[in-house]
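So the structure is just underneath, and the comments pick up after that.
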Amino acid sequence: MFHHVLGRDPEAIKGKTFDKDVVKRVWRFARPYRAMLFGFLAVIVVDAVVALAPPLLFKRLIDHAIPDRNLSAVNVIGLIIVAVAFVDAGLTVLQRWWSARIGEGLIFDMRSSLFDHVLRMPVSFFTRTQTGALISRLNNDVVGAQQALTGTLGQVVSNLLTVVATLVAMFALEWRLTLLALVVLPAFIIPAKRVGRKLQRITREAMQLNATMNTTMTERFNVAGALLVKLFGRPDEEKASFDDKAGRVRDIGVKSAMYGRVFMTALMLVGALGTAAIYWVGARLVIDGAITIGTIVALSAYVARIYQPLTALTNAHVDLMTTLVSFERVFEVLDMPRPIDDAPDATPLPAPVAGRVELDDVWFRYPSPASVSIASLEADGSAVLSDEPSDWILRGVSAVIEPGRMVALVGPSGAGKTTLSMLVPRLYDVTSGAVRVDGVDVRGVTMSSLSDAIGVVSQDAHLFHDTVRSNLRYARPTATDAEIVDACRAARIHDVIAALPDGYDTLVGERGYRLSGGEKQRLALARVLLKAPAIVILDEATAHLDSETEVLVQAALAEALVGRTSIVIAHRLSTIQAADEILVVDAGRIVERGRHAELIAAGGLYAELYETQFSRQSPSPALPQPNSA
């Protein structure tokens, strides 16, 4: 199986008819369906045998019943032929049902596994990956694999058995004409291999183009993307760009369709020539008395029957080669390692969680692109991803935050404040050193227990396109309506929600665009209050709010932080002054620490930042210290 991360050439599989790794993976997914699979194969065997009967019955009719003028035999043979037709039709339907049950079940398992695996990938995976390309894997590629299983699986096995059984019957009737039928077989196999390789390359290219087109639609059709297009007045340019991508998809679709159609037409022509040859030679054998008319009629029926499955088998070979790409693209994502996951011996955080956070000589740099992403999911699917990690973002950071205390992170842009805050909930793992919660290394605890202990509110609070109630209950699915209302009252947002057209059942719109910035922030705070974590991390939510809204958010913050360990990336002087300790971060190191007055008196970087950023801020409501009760 080709794998971009390993740097293998995507064309490496071009000459292969089947990939053992992919077969093994599909077979592993098929484990729950193996009993059904054996039942399905049994039905196919029975149907292949039953389908041999009509030509032999026609031979009996022509060679015996008609010459003997035996009307009773004619009636019996006719009834048997009709009965066999009904049985054959019933078995065909049963085959299709088995095939669909197995194929759809396998695809459900594959799609579910893919969705789960992607959701558990680290944040660094999503920062590099195109959303549209991921959606394409879950839709186009999985459906391509589905078509191979539900459409091709039954046909391949059925046609293979039909060909074998028919050839046996034909040899039993007349070996010379059967050999004549087999002479044209190379005309099936040679073009199949050539066209199969060509279609495989075209299919891979079409999938990449479809993913690019999906990415464009995903980015432009969300609210932020559509707003940007409108604000910059670029709909004409966007249409031209999309038309270019869609046009390439169209052109390669036409090319793929024509290759397939020309191939099928050529095979049908070969089949017609073979059938004509059988009639021509067979007629001479009948005239010479070597065979009976019934024999040539039966053979002609078998010939017509054998070329159809031969054609289908050859086309199935092409289909399997092209849909193999779909399986590979799905497994390519499933095979991506999850560097941030529960360790084999992970245990839950000991309850109750006190909230003590310790940073012990933490060094961090972002992992290399090749270790967290797949080239085919990025903007240029043919690019080779670098194996080099980033420069050092954090350099030997050490600090202890005692339970219930608030620590403010202050420093210039790019100093490493946000990165430092993301190491606590394990959105990233330290490169060296350790992050501990209540004395336990976060890499040794279960992700779910760590998530339960930590609540995060960022500046851009994300909301799903769902109701207010559903967005809030995402924090704690078992929360009652009364608990939701209590959390919203504490976050100073209940009155706003109550005034909405449908109250708590109002749709917030994609990413919450129907709500103002201050309303989204207070909803995010209510969500954290509902979660009731021991540790709260804030990329402070009041940086870009008007003064009236800030009063409400500050009051909600005061409620949210009481009794909880707080790590705040501070943009407001009021928050900084309320902190129990200020950590001044610069170039990935903690260069100063202490209270506001102490740091001002020290005259270092903090004093400089205060002069250039904080001292000009208009007075804002004081944020009570969490441990001041």
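Residue numbers run from 1 in the order of the sequence given.
Checked by atom type, the side-chain pair S241/K245 shows a donor-acceptor distance below 3.5 Å. Under the 3.5 Å distance criterion, with hydrogens and angles disregarded, no donor-acceptor pair is assigned to the side chains of Y474 and D466.
Using modelled atom types, no side-chain atom of D116 and backbone atom of S112 make a donor-acceptor pair closer than 3.5 Å. With hydrogens and angles ignored, the 3.5 Å screen pairs a side-chain donor or acceptor of T127 with a backbone N or O of S124. When atom types are taken as modelled, the side chain of S449 and the backbone of L349 share a donor-acceptor pair closer than 3.5 angstrom. Without hydrogens or angle criteria, K531 side chain to I454 main chain gives a donor-acceptor distance under 3.5 Å. Formation of a donor-acceptor pair under 3.5 Å by the D361 side chain with backbone atoms of G433 is not found in this model. In this structure, the side chain of K417 does not engage the main chain of V585 through any donor-acceptor pair within 3.5 Å. A distance-only check finds no donor-acceptor pair linking the side chain of R443 to the backbone of A343 [under 3.5 Å]. R527 places no side-chain N or O within 3.5 Å of a backbone atom of A475 that could act as its donor or acceptor partner. Panel note: side chain D441, backbone R436; no donor-acceptor pair is recorded below 3.5 Å.
Separating the CG atom in N471 from the NE2 atom in H465 is a distance of 10.5 Å, to the nearest 0.5 Å. Note that CG of L41 is 7.5 Å distant from CD1 of I102, once rounded to the nearest 0.5 Å. Distance CG/L530 to CG/L523: 11.5 Å, rounded to 0.5 Å. We find the CG-OG distance between D360 and S432 to be 10.0 Å, quoted to the nearest 0.5 Å. Note that CD1 of I44 and CG of L160 are 10.0 Å apart. Values are rounded to the nearest 0.5 Å. Summarising the geometry, atom OG1 belonging to T565 is positioned 5.5 Å from atom CD1 belonging to I535; distances are rounded to the nearest 0.5 Å.
Between D244 and R248 there is a salt bridge, since at least one side-chain N of the basic residue sits less than 4.0 Å from a carboxylate O of the acidic one. By the 4.0 Å N-to-carboxylate-O rule, R120 lies too far from D341 to be salt-bridged with it.
For R101, the CZ atom is loosely surrounded, since the number of other residues' heavy atoms within 6.0 Å does not exceed 12. Around the CZ atom of F126, the shell of radius 6.0 Å holds more than 12 heavy atoms that belong to other residues, nucleotides or ligands.
Residues forming a ring pair (Phe, Tyr, Trp, His ring centres under 6.0 Å) with W363 (at least two apart in sequence, or on another chain): W392.
Scanning all heavy atoms of the two residues, the minimum distance from M217 to F242 falls at CG-CE1, 3.6 Å. Residue L472 comes nearest to A526 through the heavy atom pair CD2-CB, 3.9 Å, listed as atom of the first residue, atom of the second, then distance. When all heavy atoms of G416 and I393 are compared, the closest pair comes out as CA-CG2, 4.3 Å. Taking all atoms of both residues into account, the shortest heavy-atom contact from D342 to V445 is OD1-O, 4.0 Å.
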Using side chain to side chain contact (heavy atoms under 4.5 Å, CB included), reason through I340 and M447 one step at a time and then give a plain yes or no. CA-CA 9 Å; I340 300 178; M447 297 289 287; 3.9 Å; yes

Please step through side chain to side chain contact (heavy atoms under 4.5 Å, CB included) for the pair M110 and L114, ending with a clear verdict. CA-CA 6 Å; M110 188 180 297; L114 189 62; 5.7 Å; no

Would V424 and V357 count as a side chain to side chain contact (heavy atoms under 4.5 Å, CB included) if you check the C-alpha gap in whole Å, the side-chain angles of each, and the deciding distance to 0.1 Å? CA-CA 8 Å; V424 181; V357 177; 4.2 Å; yes

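Within the 4.5 Å cutoff, no side-chain heavy atoms of L359 are placed close to those of L423. Contact check for P350 versus D438: no side-chain heavy atoms found under the 4.5 Å cut-off.
Among residue pairs with one or both ends in residues 413-459, those qualifying as ring pair (Phe, Tyr, Trp, His ring centres under 6.0 Å) are F364-Y428, Y366-Y428; sequence neighbours excluded.
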